[in-house]
Amino acid sequence: MSKRVYGKEFGFHTRAVHTGNDVDGETGALRRPIVMANSYALPYDPSELNWSEAGKNLYTRNGGSNQQYLQEKLAALSNGEDCVVLGSGVAALSGLFFSLLQAGDHVVFSSVTYIAVYRLLHELLNTKFKVETTITDTTDPEAVRRVMRPNTKLVHIETPGNPVIAVSDIRAIAGIAHEGGALLSVDNTFASPYNQRPLDLGADFSVESLTKYINGHGDAMGGAIIGAKRYLDIIRAQSQVNLGGVISPFNAWLIMRGAVTLPLRMRQHNDNALRTARFLESLPCVSFVMYPGLGSHPNHAVAVSQMSPGFGGVLAFGLKADHDTHNRFVSHLRVITSAVSLGHDESLIVFLGEKDERQYLYPPEFHNGFFRFSVGLEDAEDIIGDIEQSLKKTGLL
Ligand SMILES: *Cc1c(COP(=O)(O)O)cnc(C)c1O
């Protein structure tokens, strides 16, 4: 007995539960086994095999079944034709860049991106591999148009962008990229496919750090690229087989399990983050709050036009306080933990001080140091209560 739940005729929740979760062919189990083997039996005459072929049960770096099941689910949730799952979000991003770009090509990318994107594009690909790169404020689509060149192959944006929650207009930038003969990739990690599906808005690739919302439990790393098969075939072979970014079957299995509850968790993240953002905005000791769901966000209208039903669980805010007071505030928190990462079940906060080397790329309100706050799944009252009691102990309230 087998079941196949694909395609838009099924709702997001149904696809999250079923796609890729077929009955196991060998045992009839309703959960597929974790296949931890490195190697697979060869045919009678192996001399015709292509050792570099991806997606084949040959050697686990070429492909494995747990990875394959997760790819089916993520392609379905992102409304994409194909997906490659890799060992981390950064493996997905580097796999995308190294597979698609070559010396002499030009890339435009958001001034607000995950730090490894900045290192890969701004420090590695341009200096060592002669790929031209331009950092642009992509919250203004016209700024993207101005820096396009005849050799622009890729525009890479992150929206909402880490860590200052900048929002860029996916539809407008897809139009500009395609007019210039370039492809558009969108890092969709902060929104997750529940709140935003870049492929539906005209992007060519949606990139996810599965480590964050899609796994959601803070216990496994992974990354994914979703897009058209004709590109994904190339990216899969390069990023997985030749660059070696393959995911562990166990982590693929864990992320598969986490992804089932993505829509339920995202609803609580969306709701808790909006309530927390509104609370923070009401406090006189808070200098600013950046959250796409607030009317005060500079690109709120764009966020409303491309994110639904919510705006994710990550916000940024500042305190009217000196450097040490920010650290004291964090030290008094009891529910919220000081740690990097985001999209876990628990609330995580990180103080990004005024010495950040990319400060010059951020809006001025961020220059005195700020918090990136990943609002978790706890009761909103407890999250807000924790902030309140800590501000009181710090002497700010
Ligand atoms: C965390 C993150 C990444 C990197 O993902 P890893 O799984 O940590 O390698 C990429 N993009 C964004 C927006 C992220 O938040």
Side-chain angles (χ1 to χ4, degrees), residues 67 70 74 78 83-98 109-122 124 138-139 154 156-168 170 184-196 198 203 205-226 239-240 243-248 250-252 254-255 258-259 262 266 269 273 290-292 303 307 311-316 339-344 347-350 352 356 358 361-362 371-376:
Q67 177 197 356
L70 182 56
L74 296 177
S78 310
C83 170
V84 59
V85 160
L86 295 154
S88 69
V90 169
L93 289 159
S94 60
L96 179 79
F97 299 148
F98 278 92
F109 72 104
S110 293
S111 50
V112 177
T113 59
Y114 191 69
I115 184 85
V117 169
Y118 179 79
R119 300 255 178 265
L120 282 167
L121 291 176
H122 189 61
L124 188 65
T138 59
T139 63
L154 182 71
H156 177 78
I157 65 172
E158 194 174 303
T159 183
N162 191 356
V164 304
I165 328 293
V167 169
S168 299
I170 299 172
L184 174 65
S185 58
V186 178
D187 188 327
N188 196 50
T189 301
F190 270 41
S192 91
Y194 181 66
N195 287 320
Q196 179 173 275
F205 305 105
S206 182
V207 182
E208 305 274 355
S209 167
L210 307 176
T211 312
K212 313 296 172 50
Y213 288 111
I214 293 178
N215 179 54
H217 294 74
D219 53 12
M221 301 195 98
I225 308 162
I226 303 103
S239 60
Q240 181 176 310
L243 292 168
V246 73
I247 191 167
S248 141
F250 183 51
N251 281 3
L254 281 172
I255 296 167
L262 176 71
M266 286 319 295
H269 282 299
M290 200 63 82
Y291 181 66
M307 301 180 81
F311 303 93
V314 192
L315 55 88
V340 294
S341 201
L342 54 103
H344 296 192
S347 290
L348 301 173
I349 196 164
V350 54
L352 295 159
D356 189 319
R358 294 190 300 163
L361 295 166
Y362 302 157
F371 296 108
R372 186 190 68 191
F373 183 20
S374 171
V375 182

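Just follow the structure's listing: the first ligand is 1, and inside any ligand the first atom is 1.
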Shortest protein heavy-atom distance from atom 9 (O) of ligand 1, along with the residue and atom involved
Val90 N, 2.9 Å
Could you tell me the residue and atom name of the protein heavy atom closest to atom 13 (C) of ligand 1, and the distance to it rounded to 0.1 Å?
Glu158 OE2, 3.3 Å
Interatomic distance, Glu208 atom CD to Ile225 atom CD1 [nearest 0.5 angstrom]
11.0 Å
Considering all heavy atoms, the nearest Thr113-Tyr118 contact:
OG1-N, 3.8 Å
State the CD1-OH distance between Ile165 and Tyr362, to the nearest 0.5 angstrom.
10.5 Å
Shortest non-hydrogen contact between Glu158 and Ser110, atoms and distance
N-OG, 3.4 Å
Looking only at protein heavy atoms, which one is nearest to atom 6 (P) of ligand 1, and how far off is it?
Gly89 N, 3.3 Å
Gap separating the OG atom of Ser239 from the CZ atom of Phe97, nearest 0.5 angstrom:
12.5 Å
Atom 5 (O) of ligand 1 [closest protein heavy-atom partner, distance rounded to 0.1 Å]:
Ser209 OG, 2.9 Å
List the closest protein heavy-atom neighbour of atom 12 (C) of ligand 1: residue, atom name, distance to the nearest 0.1 Å.
Asp187 OD2, 3.5 Å
What are the atoms of ligand 1, with element, lying closer than 4.0 Å to any heavy atom of Gly222?
7 (O)
Heavy-atom closest contact (Tyr213 atom, Thr189 atom, distance)
CD1-O, 3.5 Å
Nearest to atom 2 (C) of ligand 1, what protein heavy atom do you find, and at what distance?
Lys212 NZ, 2.4 Å
Residue, atom and distance of the protein heavy atom nearest atom 8 (O) of ligand 1 read Met221 CE, 3.7 Å
Checking a contact table here: which protein heavy atom is nearest atom 7 (O) of ligand 1, and how many Å away?
Thr211 OG1, 2.6 Å
With rounding to the nearest 0.5 Å, note down the distance linking CG in Asn188 to CD1 in Ile226.
8.0 Å
